[in-house]
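See below for the structure under consideration.
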Amino acid sequence: KMPGGNPVAAGPGGHLGLKPLPVPLRAGDPSLVDHVVFIIKENRTYDQVLGDLAQANSDPGLLVYGRDVTPNHHRLAEQFVVLDNFYATGGNSADGHQWLTQAAETDYCYWPGYTGRSYPYDGFDPIAPASSGFIWDAALGQKRTVEDFGEYVGVPAAREISSQDRPGLMREWKEGADFSGRFHVVAPLAPLNRILAKDFPYWTLAIPDVVRAQIFLKHLQAWEKNAAMPNLVLVQLPNDHTAGTSPGLPTPQALVADNDLALGQIVAGLSQSRFWKSMAVFVVEDDAQAGLDHVDGHRTVALAISPYICRAYVDSTFYSHTSMLKTIELMLGLPTLSVFDLIANDMRNSFQTTPDFTPYVAVAPKQSLEELNPSINCLKGPARQAALASVKMNFDLPDAAPTDKLNR
């Protein structure tokens, strides 16, 4: 029993009488967390974003998107927990999204060097998924409720939306437009459509992440009104991928700042909701895009946010994508998906049983979200060459641009 004599109910396969923990020892044992929000972003290393955190294993010489661009990433890490030893299991979007949703990558996807029949980043290739299924399959199998915002829902059809539409959408957002019902998506993976937020956009840099945040927060308002929130919520925020220095498109700093503000707004909304007292939010990149990091090219930005997080703490435990999945499985009473999440370190070292319900307050980046790359005619030397190279890159699909050249 919990203090006060209230009985503790066991989850699927759990045991009565055990004290609830944020991260139970076994899936099915009682947890203090009943709602998990899993936010998946795109292509950054730890040092690129958090390289200026002096309290952790950081290298400010490799910092690209500092506090002026990513104030919410910094504030969330410093107010909750800094994860300075967290690694992307995948090396690109095709396998990164598989590791994050299936705790595995099939041989079909990995061989021969991603030059096979497809680049399966979103479920359009039926041969690609692991036979053990996705994290949402495991949740539904345990009678947990799930809603998916953008993960594995593909990309827009040709001419449906383009980068030229982004300034107008940003202007509408600034003017307070309501984007509810604006977008209509259908996942290529048919069963996913049962749990899909159909008005939340697909993967495209043409739609600002702050628009995505506004749509998500509308759903949160509905959950509040109905006093019911899904147990597992997946959210994709892709704009920190950037579009290089392509003339006329947003600068890399503007896109990352857009991503940062959207993340801050979503976490702030969640932390002010009635569900916060039993919530955990996990944020991670699908891969590190081979960016520069002084520890390893797979070390990436990861955040864990909850009333049960050890506040203002640095957790240097070795974690990876499968650590995050395993922690979610333990919280929601789900079976493991593969041997990789079975043997992974769960993230209990970042949690404590004494809650701090203080809500998060988002902060606006100093970096403009509307800053555009200059035209080629305004550039000389290396900057001009970089702009010319960016023009030739394809930013309509994840990882279609050459990784090394884009990073440079």
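Note that the structure is a prediction, hence the values are computed from the model and not measured. Reckoned from all heavy atoms, side chains included, excluding hydrogens, waters and symmetry mates.
- Contact check for H73 versus V256: no side-chain heavy atoms found under the 4.5 Å cut-off.
- By the neighbour-count criterion of 12 heavy atoms within 6.0 Å, atom NZ of K198 is densely surrounded, having more than that number from other residues, nucleotides or ligands.
- When each of K218, H184, R182, H219 is paired with D199, the side chain to side chain donor-acceptor pair (under 3.5 Å) condition holds for H219 and for no other.
- Listed for the D260 side chain is no donor-acceptor partner under 3.5 Å among the backbone atoms of V363.
- G297 approaches A288 most closely through the heavy-atom pair O-CB, 3.1 Å.
- The closest side-chain heavy-atom distance from T45 to V301 is not below 4.5 Å.
- Two residues are said to be in side-chain contact when any heavy atoms from C-beta on lie closer than 4.5 Å; V267 and N72 fail this criterion.
- In this structure, Q98 and Y152 have side chains that are in contact, with non-hydrogen atoms separated by less than 4.5 Å.
- For an aromatic pair to be called close, the ring centres must be under 6.0 Å apart, and Y87 with F318 satisfies this.
- In this structure the side chain of V233 reaches within 4.5 angstrom of the side chain of F149, judged on heavy atoms.
- The shortest side-chain heavy-atom distance between D34 and R144 falls under the 4.5 Å cut-off.
- Taking the six-membered ring where the residue is Trp, the centroids of W203 and H241 are separated by under 6.0 Å.
- Within a 6.0 Å sphere centred on CZ of R194, heavy atoms belonging to other residues, nucleotides or ligands number 12 at most.
- D258 places a side-chain N or O within 3.5 Å of a backbone atom of V210 that can act as its donor or acceptor partner.
- Remark: R44 fails to qualify as a cation-pi partner of Y65 under the 6.0 Å distance and 45° angle criteria applied to the six-membered ring.
- For the residue pair N349 and T317, a side-chain donor N or O sits within less than 3.5 Å of a side-chain acceptor on the partner.
- In this structure, the side chains of P398 and V155 come closer than 4.5 Å at one or more pairs of heavy atoms.
- Salt bridge absent: R311 and E78 never bring a charged side-chain N and a carboxylate O closer than 4.0 Å.
- Under the 4.5 Å side-chain criterion, counting only non-hydrogen atoms from C-beta, L232 is in contact with I328.
- For an aromatic pair to be called close, the ring centres must be under 6.0 Å apart, and F179 with W173 fails this.
- Checking D59, D84, D293, D287 one by one against R299, the salt bridge (charged side-chain N to carboxylate O under 4.0 Å, His left out) holds for a single residue, D293.
- A donor-acceptor pair shorter than 3.5 Å can be found between the side chains of N57 and H294.
- For F216 and W223, the distance between ring centers is under 6.0 angstrom.
- Each of E160, E151, Q236 was compared with Y202 under the side chain to side chain donor-acceptor pair (under 3.5 Å) criterion, and only E160 meets it.
- Here the side chain of S31 pairs no donor or acceptor atom with the backbone of V23 at under 3.5 angstrom.
- Of the N and O atoms on the side chains of T145 and N231, at least one donor lies less than 3.5 Å from an acceptor on the other residue.
- Side-chain N/O atoms of Y46 and S58 include a donor and acceptor closer than 3.5 Å.
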